[in-house]
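Atom set for the values below is all heavy atoms of this structure, side chains included, hydrogens, waters and symmetry mates excluded.
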Amino acid sequence: MKRHRLQLAACAIVCAGAILSTPQAQSYPTKPVMITVGASAGTGPDVVARIVADRLTQAWGRQVTVVNRTGGLGLTAVQSVTAAPADGHTLLVSLASTFVVLPETPQGHSVNLERAIVPVGLLGIQPMVIAINPSVGANSLAELLAMTKQRPGEILYGGFRATVPHLAGLLLTNRAGMGWRFIPSLSPRAVQDAMGGTIHVAIESVAGLNAPIKAGLLNGLAVASESRLPDFPDLPTVAEAIPGLGAFDARGWIALLARAETPPAIIQKISEDLRTVLADPDVVSKLASLGTYPRPMSPEETAAFIRSEQDLWRPVVKQLDLASQ
């Protein structure tokens, strides 16, 4: 039952659409809105949030301000939002890690996400791209996997531990029945390490790999998405590169949420206004430049999406045994 609370809460919000004509929803927002982001200023999620906040400011005629609350895989941001009044004027922009990694850590036990916050909508997804240093000598993902089986434990990839790139590498090698060795980093330098040859494989979003691939510093092998990306139309999906693996989607994502006690009619209004913003061609273009592809969803659809991501990543995260650390 616990796994379905997000979806049930979102269903209630969707059902509230019939009462959107209430004065409470019609007058929202009645004061400035604060969006709390669980990422540092200047990072991709922060910039995405500010693009959306700017457009919501224009739509609502009220200032929408972005505030950064980093730490604890998004826990600090969640606690900040749940401590604010449940009136829709304090919202949360959350990353995938808050929902797929945080619950498996000791600090994650201090908050019940299903009870504390409810989905408003999805801002966008960030598909992972797999690239290698040219010196590796593989011309395709299939060749790289064959090489890995011949040299077990020798192929290295790296980055922040327990992030989507780390998990994507684990998921890929689990399904392919072979292993890469993960080199943890305390700074966002995996792409630089791959370009320098310190590690062999880089798994990152389009924003992180676009320039080095197009400059020939790294060779792109595949994208972990259901279809090819406009930035790399000639780069196959993982499913195309290795048909035997089946569908393979590994992506970061950014969601908008609110405190659980927020009136459903207000949640619905914010969701509808967000979808209007995300349909704007200028917003789509700006987000695409950050490797983020808008995917407008209702609260109910967002809850179902989050639940599917939790189901996908939970077994992989458990491999890391974060609960004992």
Side-chain angles (χ1 to χ4, degrees), residues 5-39 41 45-70 74-95 98 111-124 254-280 282-283 286-287 294 296-303 306:
R5 285 175 184 150
L6 271 176
Q7 189 173 31
L8 292 174
C11 288
I13 292 167
V14 170
C15 292
I19 60 171
L20 280 180
S21 59
T22 62
Q24 188 179 40
Q26 284 182 331
S27 61
Y28 175 88
T30 59
K31 58 184 180 181
V33 175
M34 181 173 72
I35 296 180
T36 301
V37 182
D46 171 73
V47 177
V48 168
R50 291 178 189 277
I51 291 171
V52 171
D54 179 65
R55 290 308 176 97
L56 288 175
T57 295
Q58 297 176 33
W60 290 340
R62 296 279 186 177
Q63 184 63 45
V64 181
T65 304
V66 172
V67 177
N68 305 94
R69 295 279 188 270
T70 61
L75 178 60
T76 302
V78 170
Q79 292 173 330
S80 174
V81 170
T82 55
D87 58 7
H89 291 87
T90 302
L91 303 173
L92 172 70
V93 162
S94 177
L95 310 186
T98 300
V111 61
N112 186 320
L113 294 175
E114 291 84 0
R115 292 183 180 276
I117 52 179
V118 293
V120 174
L122 200 68
L123 301 188
I254 307 172
L256 184 68
L257 306 106
R259 182 173 162 178
E261 295 83 1
T262 304
I266 289 179
I267 295 289
Q268 184 69 15
K269 182 180 189 302
I270 299 170
S271 179
E272 292 187 354
D273 291 342
L274 174 63
R275 279 178 279 173
T276 299
V277 166
L278 294 177
D280 186 300
D282 183 54
V283 172
K286 287 180 177 179
L287 296 188
M297 292 184 182
S298 67
E300 180 185 33
E301 292 167 337
T302 306
I306 292 175

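The two residues Leu95 and Ala39 have their closest heavy-atom pair at CD1-CB, 4.4 Å. Closest non-hydrogen pair, Leu92 versus Ile117, comes out as CD2-CD1, 3.9 Å. For Pro294 against Leu287, the heavy-atom pair with the smallest separation is CG-CD1, 3.7 Å.
The aromatic rings of Trp60 and Tyr28 sit perpendicular to each other, their planes meeting at more than 60°, with 30° as the lower class boundary.
Val47 is linked by a side chain to side chain contact (heavy atoms under 4.5 Å, CB included) to Ile51, Leu290, counting only residues two or more places apart in sequence or in another chain. With sequence neighbours excluded, no residue forms a side-chain hydrogen bond (donor to acceptor under 3.5 Å, both in side chains) with Gln63. Ala86 is linked by a side chain to side chain contact (heavy atoms under 4.5 Å, CB included) to Arg259, Glu261, Thr262, counting only residues two or more places apart in sequence or in another chain. Residues meeting the salt bridge (Lys or Arg N to Asp or Glu O under 4.0 Å) test with Asp280, sequence neighbours left out: Arg55. Take Arg50 and apply the side-chain hydrogen bond (donor to acceptor under 3.5 Å, both in side chains) test, not counting sequence neighbours, and it matches Asp46, Asn68. In this structure Thr36 satisfies the side chain to side chain contact (heavy atoms under 4.5 Å, CB included) test together with Met34, Arg69, Ala77, Ser80, Val81, Thr90, sequence neighbours excluded. For Ala116, the side chain to side chain contact (heavy atoms under 4.5 Å, CB included) criterion is met by Thr82, Val111, not counting sequence neighbours.
Side-chain N or O atoms of Ser271 include none that pairs as donor or acceptor with a backbone N or O of Gly121 at under 3.5 Å.
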Q.
Evaluate Arg275 against Ser298 for side-chain contact (heavy atoms from CB on, under 4.5 Å), listing each step before the verdict.
A. CA-CA 8 Å; Arg275 279 178 279 173; Ser298 67; 4.1 Å; yes
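Looking only at side-chain heavy atoms (C-beta outward), Asp87 and Lys31 come within less than 4.5 Å of each other. Side chains of Ile270 and Leu91 form a contact here, defined as non-hydrogen atoms less than 4.5 Å apart. The shortest side-chain heavy-atom distance between Ile35 and Thr65 does not fall under the 4.5 Å cut-off.
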